[in-house]
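Data block below; observations after.
Both ligands and their constituent atoms are indexed starting at 1 by order of listing.
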Amino acid sequence: MPSISKKGLSMPESPIRKLVPYAEAAIKKGRIIYQLNIGQPDIKTPSNALAAVKNNDIDVLSYSHSAGFESYREKLAQYYTNHDIKVSSNDLIITTGGSEALLFTMGSIADAGDEVIIPEPFYANYNGFATSSGVTVVPVKSKIEDGFALPPISEFEDLITPRTKAILICNPGNPTGYLYTQEEIQQLAEIVKKHDLFLVADEVYREFAYEGAKHYSVMSIPGLEEHAIMIDSVSKRYSMCGARIGCLASKNKQVMATAMKFAQARLSPPTFAQIASEAALDTPQSYFDEVIEEYSSRRNTLIAGLEGIEGVKVAKPMGAFYCIAQLPIDDAEDFAKWLLESFQLNNETVMVAPAAGFYSTPNTGLNQVRIAYVLKEEDLLRSIEILKVALKEYKA
Ligand SMILES: Cc1ncc(COP(=O)(O)O)c(C=O)c1O
């Protein structure tokens with residue numbers, strides 16, 4: 001048989017999806033599963049975005065510009081400007097999801113064997129994008145005890161080698177929910193300038209910040225124009241994960257010209273989804289106010305519930321819609337499988353994502369899970385009840 005590539009063989013499995021066969025088997029048995037494992041929001045997509053797709057009279061579904069519709073990029077630049085991110089349409093390339101923006105970024109700034117430093121735990125697909133690009137992920141550990149704050153800057157400095165090309169952060173963080181402070185972003189800005197690196201910020205959860213906390217974008221730091229690259233997406237902002245529209249933003253002209261070559265090679269982002277995304281920019285602030293209030297109260301319910309379970313430790317998230325919970329067990333993956341295969345409470349169970357897959361240091365986070373609070377509050381309350389009983393039974 002012809003052989004598979006080494007790269008293909010080394011592509012990591014998604015820790016979020018790898019328990020799916022167990023969930024499918026449980027569903028076949030008639031179990032009801034509360035899916036806390038995946039960041040698929042249950043929030044409605046803005047109706048104006050859906051209507052724009054339904055009510056258009058396209059005759060030919062043609063390619064668009066490789067950088068995306070000019071009209072969309074101009075309107076998006078205005079959206080960012082309103083959020084203290086001063087960019088023009090030329091600083092933006094529309095991509096097929098934030099995922100493609102991450103791939104274009106790695107392809108544009110790093111060669112095979114180059115290194116990118118990432119605070120862990122991090123969004124697990126960074127491993128997949130790095131493997132695809134031949135890039136080595138160098139983790140720097142953030143700790144649950146510190147609420148997953150930025151690790152001391154000296155720890156980044158210790159990891160910088162001649163192969164280091166960038167520091168990549170996720171702000172607010174998936175899976176931690178941590179929102180970096182202005183001081184932390186400033187510290188990162190100083191270190192990338194000092195060592196002439198890129199600072200890549202995945203800001204796909206920018207709008208999800210709680211308790212009135214402010215999000216600081218790498219794009220709004222004066223003097224960082226040549227270093228800062230921002231990744232964005234409509235997936236979470238408008239609950240439009242299936243649209244597959246994202247964006248790569250940078251003031252660095254060479255980065256943009258290089259990323260544009262990757263964009264041209266894949267021709268264009270999807271047309272209907274750009275129509276929806278452009279229309280979504282007219283979504284009124286009241287939509288976001290309601291969504292943030294909803295997530296905020298879900299967060300409060302979940303965190304209070306988890307803190308009420310004996311032996312569970314959790315860092316309160318200030319953004320996004322995830323948290324890492326440390327459980328009084330040794331092997332979260334075994335526990336997560338057991339929840340699906342062997343446990344039920346009134347025929348219901350929960351699905352969580354074992355957190356080890358969000359770390360790249362081996363044997364780390366083994367007793368942690370990631371929980372996404374993308375379900376309505378009554379389901380979250382029920383999930384907490386199930387988890388509480390399950391932990392007692394599992395340990396017994
Ligand atoms: C941190 C982070 N970055 C990027 C993505 C990719 O998003 P998209 O749907 O825009 O490809 C996700 C999706 O969950 C994410 O959580």
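Every N/O-N/O distance between Tyr322 and ligand 1 stays at or above 3.5 Å. Taking any N or O of Tyr126, backbone or side chain, none lies under 3.5 Å from an N or O belonging to ligand 1. Where the criterion is an N or O separation shorter than 3.5 Å, residue side chain and backbone included, Gly97 fails it with respect to ligand 1. Polar contact check, Arg244 against ligand 1: a nitrogen or oxygen pair lies under 3.5 Å apart.
Distances from atom 10 (O) of ligand 1 to the heavy atoms of Ser233, Ser99, Gly246, Ala320 put Ser233 nearest.
Partners of Tyr123 by side-chain hydrogen bond (donor to acceptor under 3.5 Å, both in side chains), not counting sequence neighbours, listed by chain and number: Asn125. Residues satisfying the salt bridge (charged side-chain N to carboxylate O under 4.0 Å, His left out) criterion with Lys214, sequence neighbours excluded, are Asp84.
At a 4.0 Å heavy-atom cut-off, ligand 1 does not touch Glu100 at all.
Among all non-hydrogen protein atoms, the one lying nearest atom 2 (C) of ligand 1 is Asp202 OD2, 3.4 Å. Atom 14 (O) of ligand 1 has Lys236 NZ, 2.9 Å as its closest protein atom, hydrogens excluded (heavy atom only). Here the protein heavy atom with the shortest distance to atom 13 (C) of ligand 1 is Tyr123 OH, 3.4 Å.
Listed here is the closest heavy atom pair of Ser71 and Glu278: OG-OE1, 3.0 Å.
Below 30°, between 30° and 60°, or above 60°: for Tyr126 and Phe122 the angle between ring planes is below 30°, a parallel geometry. Under the 30°/60° scheme for interplanar angles, the aromatic rings of Tyr322 and Tyr205 are found to stand perpendicular.
In this structure, Cys170 has a heavy atom closer than 4.0 Å to ligand 1.
Checked by atom type, the side-chain pair Tyr80/Asp232 shows a donor-acceptor distance below 3.5 Å.
You'll find the side chain of Asn171 stays beyond 4.5 Å of the side chain of Asp202, heavy atoms only.
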